[in-house]
Structures are given as C-alpha cells and as structure tokens.
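Encoded as structure tokens, the structure appears first; notes follow it.
Letters A, B, ... are given to chains in the order of the sequence lines, protein chains preceding strands, and every chain is numbered from 1. What you see below is based on every heavy atom in this structure, not just the backbone, and it leaves out hydrogens, waters and symmetry mates.
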Number of protein chains: 2
Amino acid sequence: MNIGDVAQKAGLPAKTIRYYEDIGLITPLRDTNGYRLFRESDLHKLAFLGRARALGFTIEDCRTLLALYEDDTRASADVKDLAQAHLAKIEDKITQLESMRDTLSDLVKCCAGDNRPDCPILSDLATGPH
Amino acid sequence: MNIGDVAQKAGLPAKTIRYYEDIGLITPLRDTNGYRLFRESDLHKLAFLGRARALGFTIEDCRTLLALYEDDTRASADVKDLAQAHLAKIEDKITQLESMRDTLSDLVKCCAGDNRPDCPILSDLATGPH
DNA sequence: ATAGGGCTTCCAGTCGCTGGAAGGTCAAGA
DNA sequence: TCTTGACCTTCCAGCGACTGGAAGCCCTAT
C-alpha cells in the first residue's frame, strides 16, 4: 500500500503518517521508487495510534501504549495506570473549562449586546470579578 | 515600576510581560538604563490581559478586547459576540473531553489492572470499540 | 509528448509562552 | 572601593502535534 491508501484506511492525513514515521512510531518499508510501502501491520498500528490520539493520549503515551501492546508479557496494570493518569488530566481540564464556561456565560447573560458601550464583560476584565 | 514589580502585581511572569510587549499588546516606557518603565495604565492592561487569558480568550481575542475596552464608542454587542463565540468553543471542547472521559473511564473500569497481560484498553485501541 | 495526480524531501509556521545563555545595572555589605 | 547577588536586558531555541507550501520526481492515461 502507498501512503494515500493507508491514509484513507486509517483515517489519518498523509502528512501525519509521515510525521509518525519521522518520530519513529512506525517504520514502513520502501519501494524501489522511494515510495513508502505499508504492510498490514503498519496500517494496524496507524489505526491504533489514531484511536489512542482520539482519546487524547499524547504521542509519548501512544508510544508507550504501542510498546505495551506489542509486549505480550505486559501487566495490564501498566496500561491501566497510564489510562488512569490520562483520565485524571482530562477531568482536570474539564473542571477548568467548566469554570471558564460558568464565568463567561454569566457575563454574557449580563451584557445587553446592543449599540451602547456599557459592558459588564469589559468591566469584569478591567477590575476583576464583582 | 520595573518588570519585577508589575509581574508581581499583575500575577504574570516577567517573561510573559516581555512577550506581550513583543507582540504589541503593551508599550511600556524605557528608563535611561534601558529598563522597562511601567505606568499604572500598563499594569492595568496587564491585569486585564491576565483575566482575559484566564477565561481562555486567545491572544488575538485579547487584543480585540483591549481595543474595545479603550474605545468608548464601542457597541457592547461586539464584545458580547466575541464572548459568545468563545463560549461556544469552550462548550465544544467540554463536550469532546466528556466523550473522551466517558470512553476512557469505561475502559479503565473494565481493566483488571493486575500482572496479567489481558487488557480491554489495548483491545479497544487495537480493534476499535466493541 | 503532455497533463494530471500522487509521491518525495525539506523548511517554516502555528500558539503562547518558557528556558537558557551572555551580558549590563544596581543596591548593600566588607 | 570592591564584590556579591539580585535584578534587568537581548536573542535564540524549544515545547506538541501537526500543517502548509515549495520544488521536484514518478506513474498512468491520453
């Protein structure tokens, strides 16, 4: 398979796939013309990576997950720990964003949104909350 | 005031303040020794920027907000529109993260987390959900 | 022969800082 | 007066995870 085919099948941009090779996540073969030549196993890895990235794992987490995946002597505890740490980060992020959302939606509610200059949003930014 | 003083008062790192000058958000004076010399108005702007950034506005949004703040012929509708657009992005992001969180916490729950290799997290990444 | 699409590499840019190197300035203490 | 140490300056590089674009080769169809 050429890069276009795997890109399509894995649902990743070709650019991203080249980048993943660059940073050593995959190592496709090369055809005589210099084109990358992907095996099924490469496609499989790329799909794995795509799903891990979609769950928000960092590239370095993905590298670790891939290594664990390929190591049949792994302990599932290692995977779980990684996933739990990541989950905790996501939860933190959600909490942060919710706090922003709450403040912001209060401010938006208070703003008349007409052609007059008075604006509680700007007042809040200028002087701090309430 | 020197940069250290404003950094302390505005709650921003000195590096960040220099960066804000670099990109033209503030233009402090210069003392004869070359040190930046901050007026109260600079401090005020920095505090404004700090609060806007804490609400997740991008730097470009901050630039716009600052301009609106300093324009007393502004229409509050312009501020409100900007804030609402930003709010919508935050809500999207929260939705995304919640979806990751839900998937991930399901997977984590299903994983034994012991020293055996079997792991539903890896299985899911390898083959897709369910 | 040519046109088009796909492939290659390499470089630069994104965003918002952050770290570090190399060096000038200032106030306090010996 | 000299030195120490904290402050300030500029400039350059790096973070994460791509993404865009330029320049050029390869392959297939007309």
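Between E21(B) atom CD and dG16(C) atom C1' the separation is 17 Å, expressed in whole Å. Following rounding to the nearest Å, I17(A) (CD1) and dA17(D) (P) show an atom-to-atom distance of 17 Å. To the nearest angstrom, C1' of dC7(D) lies 17 Å from CE of M1(B). One interatomic measurement links the two molecules: CG of L46(B) to P of dC17(C), which rounds to 12 Å at whole-angstrom precision. For the pair Y19(A) OH and dT14(C) P, the computed distance is 18 Å after rounding to whole Å. The CD1 atom of I3(A) sits 17 Å away from the C1' atom of dC27(D) (whole-angstrom rounding). If you measure from atom CD of Q8(A) to atom P of dC7(C), you get 11 Å, rounded to the nearest angstrom. Counting to the nearest Å, the P atom of dC25(D) and the CG atom of N2(A) are 19 Å from each other.
Heavy atoms of I23(B) sit nowhere under 4.0 angstrom from any nucleic acid atom. R53(B) comes within 4.0 angstrom of sugar-phosphate atoms only, judged by non-hydrogen atoms across all strands, and of no base. As judged by a 4.0 angstrom heavy-atom cut-off over every strand, F57(A) is placed among residues making no nucleic acid contact.
In terms of position along DNA chain D, the nucleotide closest to A14(B) lies nearer the 5' end than the nucleotide closest to the other residue of the pair K15(A) and A14(B).
Comment: D42(A) engages R39(A) in a salt bridge, judged by a side-chain N to carboxylate O separation of less than 4.0 angstrom.
By the 4.5 Å heavy-atom criterion applied to side chains, R18(A) and I3(A) are counted as neighbours.
Ranking dC7(C), dT19(D), dT10(D) by closeness to the P13(A) side chain, first place goes to dT19(D).
Summarising the geometry of R53(B) relative to Y20(B), their closest heavy-atom pair is CG-OH, 3.6 Å, with the distance given to 0.1 Å.
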**Request:** For the pair L43(B) and M1(B), evaluate side-chain contact (heavy atoms from CB on, under 4.5 Å) and give the outcome as yes or no after the intermediate values.
**Result:** CA-CA 9 Å; L43(B) 175 55; M1(B) 279 174 290; 4.2 Å; yes

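Between dC17(C) and Y20(B), a contact under 4.0 Å exists linking OP1 or OP2 to a side-chain N or O. In this model, the phosphate group of dT10(D) is not approached by any side-chain N or O of R18(B) to a distance below 4.0 Å at OP1 or OP2. One finds no side-chain N or O of T16(B) lying less than 4.0 angstrom from the OP1 or OP2 phosphate oxygen of dG16(C).
Residues of residues 27-39 of chain A having a heavy atom closer than 4.0 Å to DNA chain C, listed by number: R30(A), G34(A), Y35(A), R36(A).
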Indicate every side-chain donor-acceptor pair of residues 119-129 of chain B with a distance under 3.5 Å to a residue at least two apart or in another chain.
from	atom 1	to	atom 2	distance (Å)
S123(B)	OG	C119(B)	O	3.0
T127(B)	OG1	S123(B)	O	2.9

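Between the side chains of S76(A) and D114(B), at least one donor N or O lies within less than 3.5 Å of an accepting N or O.
Partner of E21(A) under the salt bridge (Lys or Arg N to Asp or Glu O under 4.0 Å) criterion, out of R30(A), K45(A), K15(A): R30(A) alone.
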